[in-house]
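See structure below.
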Amino acid sequence: MKVALVLAGLLLGGVAHADDVDVEADDVGVEEHDIVEVKPGKKPIEALAVDNQLGDVTIIGHDGKGLIIYAYKHGPDDAALDQLRVSLIPDPDGPVKITTSLDRAAEKTTLPAGEVRIDLVIRAPRDARIDARVGRGKLSVRDMDAGGELDTGAGTISVENVSGSVYARSVDGNQRFEDMFGDLDVGTLTADLAFDTVRGDELIASVHDGEIDARRVKSKRIELRATKGKIHLESELVLNGSLVIESRHGDVDVSVKSPGGIKLKARAGATLNLMGAETTSNADAEWVKARYGKAKRAAAVELRSRYGDVRFAIIE
Amino acid sequence: MTCRDVEARLSAYLDGELDATASSALRGHLRTCAACNAVAEDHAKIAGALAGLHEQPIEPPAALWDGVLARLGEAEKADAQRSRWSLAARSLWQRLRWQLLPVTAVAAAAVVAVVWWSQHDRAPSTVADAPILRAPIAPELAPPEALPPEPTPDVVPEPKVDVETSLAAEALRIDALYTEVVAELTAEALVERATWPASQQRAFDAQITRLRAAVSARPLVTAPLDPDGDGGTEARERAWQKLAAYLQRAVLGELIAEAR
């Protein structure tokens with residue numbers, strides 16, 4: 001019987017066991033499915049750290065107190081599967097750590113990169129904070145309440161229905177956030193960022209070469225920056241809120257609802273369109289300032305594109 | 001470069017203390033002098049055993065090494081033929097160049113990665129010279145024995161790359177991408193910087209120097225599955241991210257706006 005999960009779960013005080021181990025063969029290799037349940041010890045599981053450079057990671061919150069780890073291993077043959085490891089490293093004072101690795105001490109045969117992978121699906125207590133890293137794989141998190149740090153290389157990041165502060169970075173993997181209820185600090189080098197329904201106090205996002213598309217955002221502080229890409233934002237401002245949207249080469253397109261006044265300053269290298277009042281600007285022009293509604297507790301809005309267009313509209 | 005010169009500089013070369021020009025000239029001599037090459041190999045074995053140089057091997061595909069070795073061979077032979085004045089001038093230029101644009105050794109790795117990726121669909125080149133003793137990071141990088149089959153125009157066979165090699169290549173690719181983006185941002189930031197007052201320029205330069213040093217201080221980790229790893233990859237990426245974010249703010253005009 002293959003028990004590929006290396007368990008050190010006894011320190012958790014609970015039972016950590018492989019419920020099912022299932023090996024299947026298909027046309028392009030063999031697969032092994034492992035399920036391990038980890039019950040908490042005296043202390044609840046407050047944090048979870050996952051590092052998987054060999055495939056995808058999906059973390060789903062649940063109302064239980066323990067972890068359920070589904071490991072899907074794929075390889076060209078049984079010998080390859082034997083070298084794939086999932087390690088569970090509990091720390092009574094820190095996060096439960098789950099990592100994947102290769103056990104190549106016995107024999108050093110080639111493990112073809114495209115044919116070897118480990119995908120992890122983890123059901124975690126909803127109030128555990130997440131720290132997850134993957135390489136080229138997909139990283140998905142949903143239904144969690146304590147936020148976390150998410151990190152990928154080329155892999156995509158997808159987050160849905162999450163509270164708590166989230167810090168996310170990818171190198172060239174797209175990122176999407178939906179139904180977010182905590183602060184967001186998001187960045188990527190060459191990829192796109194998408195936000196839909198964000199309610200945390202802060203939304204800070206930056207991209208070098210890519211687009212930012214944010215809809216249904218209601219945050220007190222919003223800062224979106226792009227060097228090359230365009231930025232589209234639909235937002236509901238809050239009283240005394242601040243909005244900074246900047247692109248060097250891309251267009252800036254902002255539509256807002258506002259419960260109060262707005263202090264706006266904007267600057268565009270090409271066309272500056274403020275509520276239908278179109279003006280042509282240039283990179284050396286001074287800021288164009290405008291005020292809408294009452295000055296008291298007005299939201300401060302700053303829009304800038306060095307070489308592109310800036311468009312601003314107020315939605316009733 | 002003479003045998004005496006090689007003898008005097010061999011230890012420094014094996015310790016990675018010679019600059020690129022001197023290293024190239026020394027390797028060029030080793031290519032043509034069997035006696036010096038034998039001595040150097042003995043030294044390398046001892047140094048390698050002491051320093052544990054074989055702990056993290058990187059094994060790029062054959063096509064990469066064949067091409068790289070052939071090109072390096074030609075360049076190094078040319079360096080070996082240069083006069084001392086010429087070598088000194090190149091050394092000086094290289095030092096100045098690094099000060100002006102402090103790209104770390106990672107840049108070299110990035111070039112290797114780019115060459116690697118760009119050669120995926122090319123026919124393998126022939127080996128011009130026998131492999132010779134490499135600098136400290138290189139002895140374990142022996143060229144694979146078999147060349148991959150020549151691809152047909154329509155169907156490019158996927159080379160069977162080992163997963164650890166693939167992960168190492170990915171780490172190099174990411175580092176190269178950071179290098180490229182930071183270079184791009186730096187070029188744009190310098191345009192903005194030229195319009196700033198001297199005090200703001202000095203503050204910018206000092207901060208960039210600090211942030212670049214932070215990147216250089218964290219070595220590139222090409223073995224992300226190493227269970228004994230200390231999160232070096234993450235630390236280096238965070239340092240890159242801070243540098244890129246600062247440059248982006250400069251490019252967007254925020255730094256000078258704050259100063260005013």
Side-chain angles (χ1 to χ4, degrees), chain A residues 6 51-54 75-76 80 83-85 87 89 99-104 108-117 131 133 135-136 149 151-155 169-172 187-190 204 206-209 223 225-228 244 246-249 267 283-284 287 302 304-306, chain B residues 57 59 61 144 158-185 187-189 191-192 195 221-229 231 233-235 237-238 240-254 257 260:
Chain A
V6 177
D51 189 342
N52 180 18
Q53 302 299 316
L54 296 171
Q83 298 178 59
L84 303 181
R85 290 283 181 270
S87 302
I89 307 164
T99 61
T100 57
S101 59
L102 302 173
D103 181 10
R104 312 190 76 168
K108 179 82 176 181
T109 55
T110 297
L111 292 175
E115 300 172 30
V116 171
R117 65 181 295 124
D131 182 354
R133 285 178 61 85
R136 301 183 70 89
E149 293 195 13
D151 200 319
T152 70
R169 290 291 183 274
S170 67
V171 177
D172 49 356
T188 186
L189 281 192
T190 59
I204 297 172
S206 68
V207 55
H208 172 64
D209 188 0
E223 295 181 8
R225 298 182 175 87
T227 312
K228 292 182 174 179
V244 177
E246 299 175 310
S247 178
R248 184 168 174 87
H249 295 280
R267 186 173 174 177
D284 297 324
W287 289 96
E302 183 177 322
R304 170 170 32 191
S305 174
R306 187 81 159 84
Chain B
E59 299 170 9
E158 286 284 329
K160 294 229 173 185
V161 179
D162 186 80
V163 64
E164 286 184 283
T165 306
S166 173
L167 290 171
E170 178 66 3
L172 290 170
R173 185 191 72 86
I174 286 173
D175 216 66
L177 189 54
Y178 274 114
T179 304
E180 181 187 332
V181 167
V182 163
E184 201 173 329
L185 284 167
E188 297 221 40
V191 173
E192 296 294 322
T195 66
V221 177
T222 55
L225 293 179
D226 181 4
D228 299 325
T233 302
E234 189 174 358
E237 285 188 23
R238 290 289 160 89
W240 273 123
Q241 287 159 7
K242 284 181 183 171
L243 174 57
Y246 183 79
L247 284 166
Q248 188 185 45
R249 292 184 64 211
V251 161
L252 292 172
E254 288 188 26
R260 285 171 177 160

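Predicted model only: the values in this text are computed from it and were never measured. Chain identifiers are assigned alphabetically (A, B, ...) following the order of the sequence lines, protein sequences preceding nucleic acid strands; residue numbering begins at 1 within each chain.
- Taking 4.0 Å as the cut-off between side-chain N and carboxylate O, B:Arg238 and A:Asp151 count as a salt-bridged pair.
- Taking both residues in full, the closest heavy atoms of A:Arg248 and A:Ser305 are given as O-OG, 4.0 Å, listed atom of the first, atom of the second, then distance.
- Comparing A:Val116, A:Leu189, A:Val171, A:Asp51 by how many heavy-atom pairs each has under 4.5 Å with chain B, the most go to A:Leu189.
- We find that B:Glu188 and A:Lys228 are not joined by a salt bridge, their nearest charged nitrogen and carboxylate oxygen being 4.0 Å or further apart.
- In this structure, CG on B:Leu243 lies 8.5 Å from CG on B:Leu185, to the nearest 0.5 angstrom.
- In terms of heavy atoms, A:Val207 sits closest to B:Gln248 at O-NE2, 2.9 Å.
- Only the side chain of A:Glu149 comes within contact range of chain B, with at least one heavy atom under 4.5 Å from a heavy atom of that chain.
- Of the possible donor and acceptor atoms, none in the side chain of B:Ser166 sits under 3.5 Å from a partner among the backbone N and O of B:Asp162.
- Looking at A:Arg117, there are no atoms closer than 4.5 Å to chain B (heavy atoms on both sides), in backbone or side chain.
- Chain B forms the most heavy-atom pairs under 4.5 Å with one residue out of A:Asp209, A:Leu111, A:Val244, and that residue is A:Leu111.
- For B:Leu167, the part lying near chain A is the side chain, with the backbone staying farther off; criterion is any non-hydrogen pair under 4.5 Å.
- In summary, B:Arg249 and A:Glu246 do not engage in a salt bridge, as defined by a charged side-chain N under 4.0 Å from a carboxylate O.
- With a threshold of 4.5 angstrom between heavy atoms, A:Thr99 does not approach chain B through any atom at all.
- Ranked by heavy-atom pairs under 4.5 Å with chain B, the first of A:Arg225, A:Arg169, A:Gln53 is A:Arg225.
- Only the side chain of A:Thr190 comes within contact range of chain B, with heavy atoms under 4.5 Å apart.
- Interface residue A:Ala154: backbone and side-chain heavy atoms are both found under 4.5 Å from chain B.
- At a 4.5 Å heavy-atom cutoff, the contact between B:Glu192 and chain A is made by side-chain atoms alone.
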